[in-house]
Amino acid sequence: MRSLWDFHGGIHPDENKQQSLQQPLADAPLPKKVVLPLQQHIGAASEPIVQVGDKVKTGQCIAKADGFVSANIHASISGTVVAIDEQPIPHPSGMSDLCISIESDGLDQWVDLTPVTDWQTADTETLIQAIAKAGIVGLGGAGFPTAVKARTRERHAIDTLVINAAECEPYITADDISMQTYPEQIIIGAQILCQLVNPSSCLIGVEDNKSDAIKALQKAAQGTHIEVVVIPTKYPSGGEKQLIKILTGREVPSGGLPADIGVVCQNVGTTLAIAQAITLGQPLVSRVVTLTGNAFTRRQNLQVRLGTPIHELLAYAGYNAAIASRLVMGGPMMGFSLLSDQLPVVKTTNCILAPTAQEFPDPEPENPCIRCGMCEQACPAELLPQQLHWFAKAQEFEKAQLFNLFDCIECGACAYVCPSHIPLVQYYRFAKSEIRKESEEAKKAERAKIRFEQRQARLEREEAEKVAQREARMAAAAAATAAKKAAEASQSTNLDSATGTSAHNTAAAPLATASHAATSQLDEAALKKLKIQRAAAAVALKKAEKALTEAKDNGVDVETLNTLDQQLNAAQQKLNTIDQQLGKEISPAAATSSANATASLNAGAQAEHEKALKQAKIAAAASKAAVKKAEKALIHARENEGVEEISAKEQALVIAQNLAQKAAEKLEALNQAPVAASVAAPSQSASTVEANSSDTGQAEYEKALKQAKIAAAASKAAVKKAEKALIHARENEGAEEISAKEQALVIAQSLAQKAAEKLEALNQTPVAASVAAPSQPASTVEANSSAETGQAEYEKALKQAKIAAAASKAAVKKAEKALAQAQEKGDATEIDQCTDAVNSAKNKAEAAANKLKQLTEAKAAIVE
Amino acid sequence: MTTFFSQHPVLAAVLGLLLLALVFGALLGYAAIRYKVEGNPIVEQIESLLPQTQCGQCSYPGCRPYAEAIANGEEINKCPPGGESTMIALADLMGRDPVPLDADPDTIGMKKVAFIREDECIGCTKCIIACPVDAIVGATKLMHTVIERDCTGCELCVAPCPVDCMDMLPIETTAKTWSWSIPQGPNARFQANVFATDGGQA
Amino acid sequence: MAFIRVSSPHLHRPLSTHQVMRYVILATLPGLATLTYLFGWGSLINVLLASAFGLVFEAIVLKMRKRNPMPALKDNSALLTCVLLGLALPPLAPWWMLATGSFVAIVIAKQLYGGLGNNPFNPAMVAYALLLIAFPVEMTQWISPARLLEHTPDLVSSLQAVFGHPQIADAFTMATPLDGFKHKGELMADEYWRQNAFMPEKVWEAWALSSIAFMLGGLFLLWKKIFTWHIPVAFLGSLGLLSLLAYGADASNFASPMIHLFSGATMLGAFFIATDPVTAATSNKGKLWFGAGIGVLVFVIRTWGNYPDAVAFSVLLMNFAAPLIDYYSQPRSFGHKKPRKGIKHDA
């Protein structure tokens, strides 16, 4: 005889099991329609792989496991998929979730089943895959994917396999009848599990009130090393932790897993499902459900297809709604009351209870706690239930946590014994969910803070880069002016000498060229003037904006704001006018200078230029719109001031400020675009390149642009993937340890996003590059070769972009992998490994960013 | 010596007190060093209470600037996203009296998330620029989308949108996020006239 | 049938607060019967009168607190408090003392703290202590056992004694054994016993009998699992042990363990007063400390204090200590290595 241990507390409610044991296990009639929720297990919801209208056969997989902790879902009847939509699910909230509805064709045609016939010799992976394929989850109530649990051996040393057949809840006999009906299969299932977990002992814990089941199991277990252990009846001995304590004397550490103490625990129903999945190849499409309670005329256990609407079962079992006090899914201690009977049976439905008012009277009103301590005597987790109740009531969640609220298994023993009828379990559930919400929010706030700070840092960095670039440009411009002046001086000397002796001139300076040079010089002078004007106007605009901002900050009266606003507008208009003039000035300049060029080239240049101009105009219009918006916001502000709704005003001002800033940015962009255009247009007109080469360049550019776009899209997709992975992570893992990884992943993600942004920048810059590329021949000797060089340069840059994109993709993949590992583990033991993986992901993403930076630099080189 | 002191009692008293002052001063000084509490700077503590939406509804550009402002005496009721609980936590921390929130009572503490009606999005990137936590992804002329998980619901992206395709949707309760409410407690039927002492004991 | 949302569990043990209280009241009956048999109608009148006063006060104060009085009256808690008060007061106590006691117990010690479950001190003992301090003479005069007297007070004279003629009661009263022992003055213990020749015989017997009756009632409650053994055992154990040690060391100056355990309010206190869950410590370990504390205090006050009996003061003092005991006696939870010691905020 095996020595048994006892756990603290526990209760002995009336068992009420005999009612449903009078009849043998029978098959429920086939449902006309099944509704299969995509989330019938712990972890991520499954991903549907069928579409509305598809014909499915019984046992066909209709939704795949999405992520590591998830499970397949199979059609439980043959027929047609009629809907994939939100349907009410059996859940205490009474809410809806995504479900697949199948209308039966009445034939119940099965798919071809592929059993693992040689399971005694099959390797672990095959068996686990078969279990995963069959969509088996813990049938005891929690619904944890069994395949994941079966892998615990990979991480923990397991010496004991516990098959939980205690079934301690009153009324429920689903496991009992399964053991009486399929003892051999259960033993086979246990053997399969032994093969997977490889424990030194395998114990089936059965409460001593199931004598028939014990006999059947003991007979079936003869000749195996599986031991049927009879334990005294006491609720909640079927609790995983409690059963392990009873059988092994070991306590699962708080917050830990049974695997931490070398134990794996599986429900006996799950064991049966495993046996059927391996030896028959049968996926989980049905389960044993106890229909009991005095509101039924036929109280019995039924083999029910998953997704069967409960009302069909109720009708079958002779349910009398008039005398029922409520409808409960699960047992009387831990089940939840249903808010409708139009709900499907799911994988975790072990019992449907329809008690009368005599059995389950309506809950009595809550009385004050008299601190009688009966709850404490009953608590199997050795907590102080009444203390927790005070804390939950006063919403002192910190204290509740310190009193180990999260060790509560919600067994309901405390509320059962409470003479004051305090709904203790509801208090604990409330406190737990509030604590989870709070920590979720704290995590979110922390993440938001990190992201905000990172963004600030990035903006500062970009600003610094911009300043540096501007300074570099100004230096270059100064150098160019100096060079030009020198050239002018030499040219004028040349002219003088030409009128004079014409001997000094060697060869390459004909009069025409000189005159052209003079004209272009003239144009350039005008252009320069305009540019200066423009700069002045821009400065004025900025000043006006600043004044406006200051005025807003200082809270000056409405009129001042008005004036300032007008000033801003005036400056804006002035700037626009100048820009237009600038545009006009450029086109005549181009026209004059194109006299020397061929007609076709002229046309090409014109087109190019016009395109640039168009862009500039669009930008200008956009900025105008932005300013208008700012105006509007200001008007709002003014209006609200009268009503003294200061906060609203401030908000509006902030928005206005934002918009003004954006307008400024747009204007800056506008500023740059015409410059580029003005640079490009004359140089192109001056160039002697063949039209062909220009065309080729254009084509090349377009191709490059396309490729860059693809790269950008790829990186975007990568970001999306990362996001998705993150969402899965959040759904799959409650464990806090993962949150750290998630944060790191978020960083990786933002880096990937940055890559996308850089690529987008690339998207824009090629316009400049392509414009620049044809213009280069003007300064260098041969058009073709230079175009080729530019192209080569460009392709190189492109390649780098691709590499960057690939790298960022790889980073994301790595992050995903790390995530998967984290999921596999589900505990804190090997965080390091994951952290490493995430770090490497981060590095990769950083590398991507660097590469792309290089690319930007390369592009800058081309422009120069 | 003794005779000297007995002849000059005042001097003796002064000296005695001086001596005592020295001893206790030294003791206190030592205790101050030995048992010094390494406290968080107040700004950090305040910031940790703020919801980090970075929404600027407090008129400060972000949560940290507001935390700094509170440390310098700014009102504690300017954080609508944090709601009543944040204000009370701040009042606790700062030792001030709770004050009603300076915001529309309907919106206080309501969790929202930005949503882009994607077929209307023109890809202008304005919302991306406005987002303080980089929770919007997208590129020029390509559709944008909100990373729901990272969105703090600050609404800063709503105003810049030129086509008004941004919505602030309240976060709805789903079967996953649903939770049990707190039971009504004893005397639930007499909640209307409850004495202060009945709130709960702990 | 309505679909209702109810949190699990859906099953409840059919034992409600009012039933718990009823069990406790029932368990006092053997003690009450014995007292009535041995000491006349006094205790019974006490209990009935105190209960009547108590229920009226409870109803009035609940009305004033704008509560529905019916559920509170039905939960039997006020009744129990007053029954215990009536048992603790000397028989034939004048009606105004019962009224004052009930008022203090129900209105001040219970309802003003928030009603059932919120009172930090045992209401009956608060009232008892107040009466003891306010009316020390009346409170220490215990009626002599009826069987000792030739003319036992009949029902009519008992009622007369209660309602306005305390001098009738005076004729029947005498000091309790504990009080007598306390005021034996310079006499050695054996001298005292010799001088009061009949004292150890009959009076002692009467006190012991009623103590045993209360103990039987307490054991019934223990058997019904209304409370756990921890507090009574710790209380009686520590008191017995201390008195045994003292008596063993100096039998002429200290009362014997028998006197400590089986006279005065020891048994009533151990099984009915100290076990009041509202005011006691909650965890098993805490209950042991709580009970032992009462035992020690009872011994100390009886031996060296001014008052002959000490259960009320000891219980009240330990009521003070109960939160502290709870704080430091949290049990080890399942899956934890060590019990938590108090609340630490740095955790």
Side-chain angles (χ1 to χ4, degrees), chain A residues 7-8 11 13 92 94 170 241 251-254 256 321-322 324-328 330 332-340 355 360 362-365 367-373 376-377 380-384 386-387 399 402-404 407 410 412 415-421 423 425-426 429, chain C residues 1-21 23 71-72 74-75 77 114-119 225-228 230-231 275-284 286-287 322 326-327 329-337 339-340 342-345 347:
Chain A
F7 62 91
H8 176 266
I11 52 173
K241 292 174 174 182
E251 282 188 10
V252 178
S254 170
S325 68
R326 64 188 90 170
L327 208 53
V328 175
M333 297 305 293
M334 293 186 75
F336 53 91
S337 56
L338 297 176
L339 300 180
S340 152
F360 290 14
D362 280 344
E364 293 209 31
N367 286 324
C369 170
I370 54 166
R371 294 161 43 94
C372 65
E376 201 191 314
Q377 306 302 324
E382 293 165 77
L383 301 171
L384 293 172
Q386 52 136 325
Q387 214 65 30
K399 280 191 195 161
L402 287 171
F403 278 69
N404 304 319
D407 287 329
E410 299 178 17
Y416 173 81
V417 298
C418 180
S420 296
H421 309 293
V425 178
Q426 190 179 345
R429 286 181 177 148
Chain C
M1 180 203 75
F3 290 106
I4 46 166
R5 171 144 64 214
V6 198
S7 176
S8 64
H10 303 276
L11 271 184
H12 294 279
R13 182 165 63 168
L15 179 70
S16 296
T17 307
H18 66 96
Q19 285 161 312
V20 171
M21 300 286 178
Y23 273 124
K74 275 191 200 151
D75 71 18
S77 64
L116 179 63
N118 294 321
N119 50 307
K225 292 191 175 157
I226 300 298
F227 51 72
T228 60
H230 301 82
I231 290 177
T275 51
D276 167 34
V278 177
T279 53
T282 52
S283 68
N284 287 345
K287 284 177 190 159
D326 279 346
Y327 190 89
S329 64
Q330 294 171 36
R332 179 206 72 109
S333 295
F334 189 96
H336 290 261
K337 287 211 170 63
R340 166 169 296 287
I343 296 171
K344 290 190 190 69
H345 280 283

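Just so you know, these numbers come straight off a predicted model, no measurement behind them. Here is how names work: the chains are called A, B, and so on, in the same order as the sequence lines, proteins then strands, and each is numbered from 1.
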Practice prompt. Before giving the answer on side chain to side chain contact (heavy atoms under 4.5 Å, CB included), spell out for N367(A) and D75(C) the whole-Å C-alpha distance, their side-chain angles and the decisive distance to 0.1 Å.
Written response: CA-CA 9 Å; N367(A) 286 324; D75(C) 71 18; 5.9 Å; no

Worksheet entry | Distance-only donor-acceptor check, side chains N404(A) and S333(C), under 3.5 Å | yes

Worksheet item: Considering only heavy atoms from C-beta outward, does the side chain of H10(C) approach that of P355(A) to under 4.5 Å?
Response: no

Discussion item. Between Q426(A) and chain C, with a heavy-atom cut-off of 4.5 Å, which part of the residue counts as in contact: side chain, backbone, both or neither?
Written reply: both

Worksheet entry | Engaged part of C369(A) at the chain C interface, taking heavy atoms whose separation is under 4.5 Å | backbone

Discussion item. I'd like to know if the side chain of S283(C) reaches the main chain of S329(C), judged simply by a donor and an acceptor atom lying under 3.5 Å from each other, with no hydrogens or angles considered.
Written reply: yes

Worksheet item: Measuring heavy-atom distances to chain C, does V425(A) have an atom under 4.5 Å in its side chain, in its backbone, in both, or in neither?
Response: both

Item to complete: Evaluate the criterion side-chain hydrogen bond (donor to acceptor under 3.5 Å, both in side chains) for residue pair S254(A) and D407(A); output intermediate values, then yes/no.
Response: CA-CA 6 Å; S254(A) 170; D407(A) 287 329; 2.7 Å; yes

Worksheet item: What class does the angle between the rings of H421(A) and H12(C) fall in, given that below 30° is parallel, 30 to 60° is tilted and above 60° is perpendicular?
Response: perpendicular

Fill in: Contact leader toward chain C among Q386(A), E364(A), E410(A), where contacts are heavy-atom pairs under 4.5 Å
Q386(A)

Worksheet entry | Structural part of P423(A) lying under 4.5 Å from a heavy atom of chain C | neither

Worksheet, complete the sentence: Whatever's closer than 4.5 Å to a heavy atom in chain A on T228(C) counts as side chain

Fill in: Main-chain N/O of F336(A) paired with S8(C) side-chain donor or acceptor, under 3.5 Å
no

Worksheet, complete the sentence: chain A shares the most heavy-atom pairs under 4.5 Å, among H18(C), K287(C), R5(C), with R5(C)

Worksheet item: Has the side chain of S325(A) got a donor or acceptor atom that lies under 3.5 Å from a matching backbone atom of F360(A)?
Response: yes

Item to complete: Heavy-atom distances under 4.5 Å only: say whether A280(C) touches chain A with side chain, backbone, both or neither.
Response: backbone

Worksheet item: Is chain A contacted by the side chain of V6(C), its backbone, both, or neither, given a heavy-atom distance below 4.5 Å?
Response: both

Worksheet, complete the sentence: With chain C, the option among V252(A), I11(A), V417(A), D362(A) that has the most non-hydrogen atom pairs under 4.5 Å is V417(A)

Worksheet item: Tell me, side chain or backbone of L383(A) under 4.5 Å from chain C's heavy atoms, or both, or neither?
Response: both

Discussion item. Using a 3.5 Å distance criterion without hydrogens, assess whether the side chain of S337(A) forms a donor-acceptor pair with backbone atoms of I4(C).
Written reply: yes

Response to the item:
One option among G412(A), C418(A), P332(A) has the most heavy-atom pairs under 4.5 Å with chain C, and it is P332(A)

Worksheet item: Heavy-atom distance under 4.5 Å to chain A: side chain of N284(C), backbone, both or neither?
Response: both

